[in-house]
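Okay, so here's the structure we're looking at.
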Amino acid sequence: MELVKSNIHMNKIIKSETVSFHVNHEESVTEANPEISSVVNQKEMVTADNVTVRNNQISIRGSVSYEILYYTEGTDMVYGLEGEIPFEENVKIPGIEEGDSADVRMVVISSSVKLIDSRNYIYKVQIMAYITVENMEDLEAVTGADRDNMMIRRCQIDGLSVVADKTDTFRISEQISVPSGKPPINRIVWKDIRIKSVNTKMMDGMIHIGGELYVFVMYIPEAEGMPQQWVETMLNFGGTVEAEEAREDLVSYIGVDVHNINVDAQMDQDNETRNLDIGAVLKLTIKMYEEKQMEIIEDVYAPDANLVPVTEEKNYERLLVKNASRTKATVKLNIDQDKGNILQICNSGADLKIENILVSDNGLKVIGKIKSYIMYISSDDAKPVCCQWKENDFEHRIDAEGMTSDDKYYINWRVEQVNANMLSTEEIEIKAVIALEAIVFKEEKKAFIVKVEEKPVDMDAVNAAPVLKGYVVQTGDTLWKLAKENYTTIEKIMQVNNLETPQIKKGDRLLLMKSCQS
């Protein structure tokens, strides 16, 4: 007997871990930069350059790029410097094997700059890594069989087949100009480039990506004696990324993070340094799935043969839900009066640090901290540029009806919009919009036929069975069950009993006629 088989290509989540580790680095201020007397602000971006899976261990090689905004002695101007800290971290995860793949997302959850002296400092960073280990697997299912006089019972499964699981990049290159009312640029000291909004759309052979970048650049002007200046604007971006696997009917899950940010000051046509070239790379984590409805063989029999299906219990996944949600967070921040009263807000932002994700009935509960900040101009003429932070608890529920603790998921998040308003010279209100996207897979178990053994028929039992008998339907009976037990077929039972459909119920009276004998 020849069996027809089909495959579902699955990328199953086998482990999800959250780990934290520290990176410390000692660095010196170059001669091109003045000495540090006090730090105003610092920020970091962590990137995974290479992830290697070994038996029971994952090796993460990456880097932390950072910026420091600081005062030097004897001036009211702020200066900036940049650096990069390479690292390699090994994470033990029992049960994983070489050949598995790992999706790693990292965020900085805390950092500090410790001055050794005015030209040397130690940068300390605590990193949280969200690790998802996956295993590619082909689920083989029997969908057909070639044998005469064989009855087949089929059932339908809703599987999810992986079409693509890869990374790609989208480059942004734009130029903005310093408004005519502001002086030309001498030196850039601080930049804040982040995604304000982003959307992706699957198209045939490509992925369309579009959105807005928030751009803030602080600089020292060319003219001496002028205070720090800044430019704040929004940049629209859009375009396509080639993806030959992409189709409009596929289910997509695409993570977008901004990396490799560059801001360069350039001269305009009047030979004034008023143009800013903005460059950034969006790193895309792309997963594409195809929902497959597959009819598989669940059981077989033949009135003239003893067919024995051999089964194995296998797990497969189906899409439960894909949910994009947004929530608002409001923070009230009291200004440190030792730094003077606030005169003007320059820049505001927020970072979300996820500490735990709990699977509750019909959803996910995300727990963490939202860290908000403002940069502002104060009434202190000696050190007018100030920064203040505040950390608040964060909790949000993502609905996923039907989800249980056994189900698997991916989740992405980002802070999309941040606005700060002065309630008074002593209090600021910061409002942030947080976007969270989750895709949840329901894990199903089923006994799949792997082969069918054909054994000799017990002809004594066949001949001992009556050619015709009356039967009263009991609970749990089906025409398939009755046909198999009484050496006949469903079609024969329906014909003898004038049944229009194969549906029967308890108490029905049937005539069962044997279809074979020696």
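- Classification of Glu140 and Lys5 as a salt-bridged pair holds, one side-chain N sitting under 4.0 Å from a carboxylate O.
- Between Leu69 and Val189, some side-chain heavy-atom pair lies under the 4.5 Å cut-off.
- Interatomic distance, Ile278 CD1 to Lys191 NZ, rounded to the nearest 0.5 Å: 9.5 Å.
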Where do Asn362 and Arg397 land on the side chain to side chain donor-acceptor pair (under 3.5 Å) test, with the steps shown first? CA-CA 10 Å; Asn362 299 316; Arg397 176 183 167 81; over 6 Å; no
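- Checked by atom type and distance alone, the side chain of Lys287 never pairs as donor or acceptor with a backbone atom of Ile254 at under 3.5 Å.
- Judged purely by atom type and a 3.5 angstrom limit, Asn120 has no side-chain atom pairing as donor or acceptor with the backbone of Ser28.
- Glu290 has its side chain out of reach of Leu160: every pair of non-hydrogen atoms, C-beta onward, lies at least 4.5 Å apart.
- Aromatic pair Phe87/Phe21: ring centres closer than 6.0 Å.
- Counting heavy atoms from C-beta outward, Lys124 and Ser111 have side chains that stay 4.5 Å or more apart.
- Between Glu97 and Arg54 no salt bridge is recorded (no basic side-chain N to carboxylate O distance below 4.0 Å).
- With hydrogens and angles disregarded, no donor-acceptor distance shorter than 3.5 Å links the side chain of Asp103 to the backbone of Thr132.
- Cation-pi geometry between Lys353 and Trp413 is not met: the NZ or CZ atom fails to fall both under 6.0 Å from the ring centre and inside 45° of the normal.
- Between Tyr79 and Trp190, the ring centre distance reaches or exceeds 6.0 Å.
- Less than 6.0 angstrom separates the ring centroid of Phe441 from the ring centroid of Tyr289.
- Look at Lys442 and Asp407 and you find a salt bridge, because one of the NZ, NE, NH1 or NH2 atoms lies within 4.0 Å of a carboxylate O, short of that distance.
- Between Phe170 and Phe237, the angle of the ring planes lies from 30° to 60°, which puts this pair in the tilted group.
- Proximity of a side-chain donor or acceptor of Tyr373 to a complementary backbone N or O of Asn347 within less than 3.5 Å is not detected.
- Comment: Lys292 does not engage Asp158 in a salt bridge, judged by the lack of any side-chain N to carboxylate O separation of less than 4.0 angstrom.
- A salt bridge links Arg414 with Glu416: the closest approach of a Lys/Arg side-chain nitrogen to an acidic carboxylate oxygen falls below 4.0 angstrom.
- The ring of Tyr123 has its center closer than 6.0 angstrom to the ring center of Tyr66.
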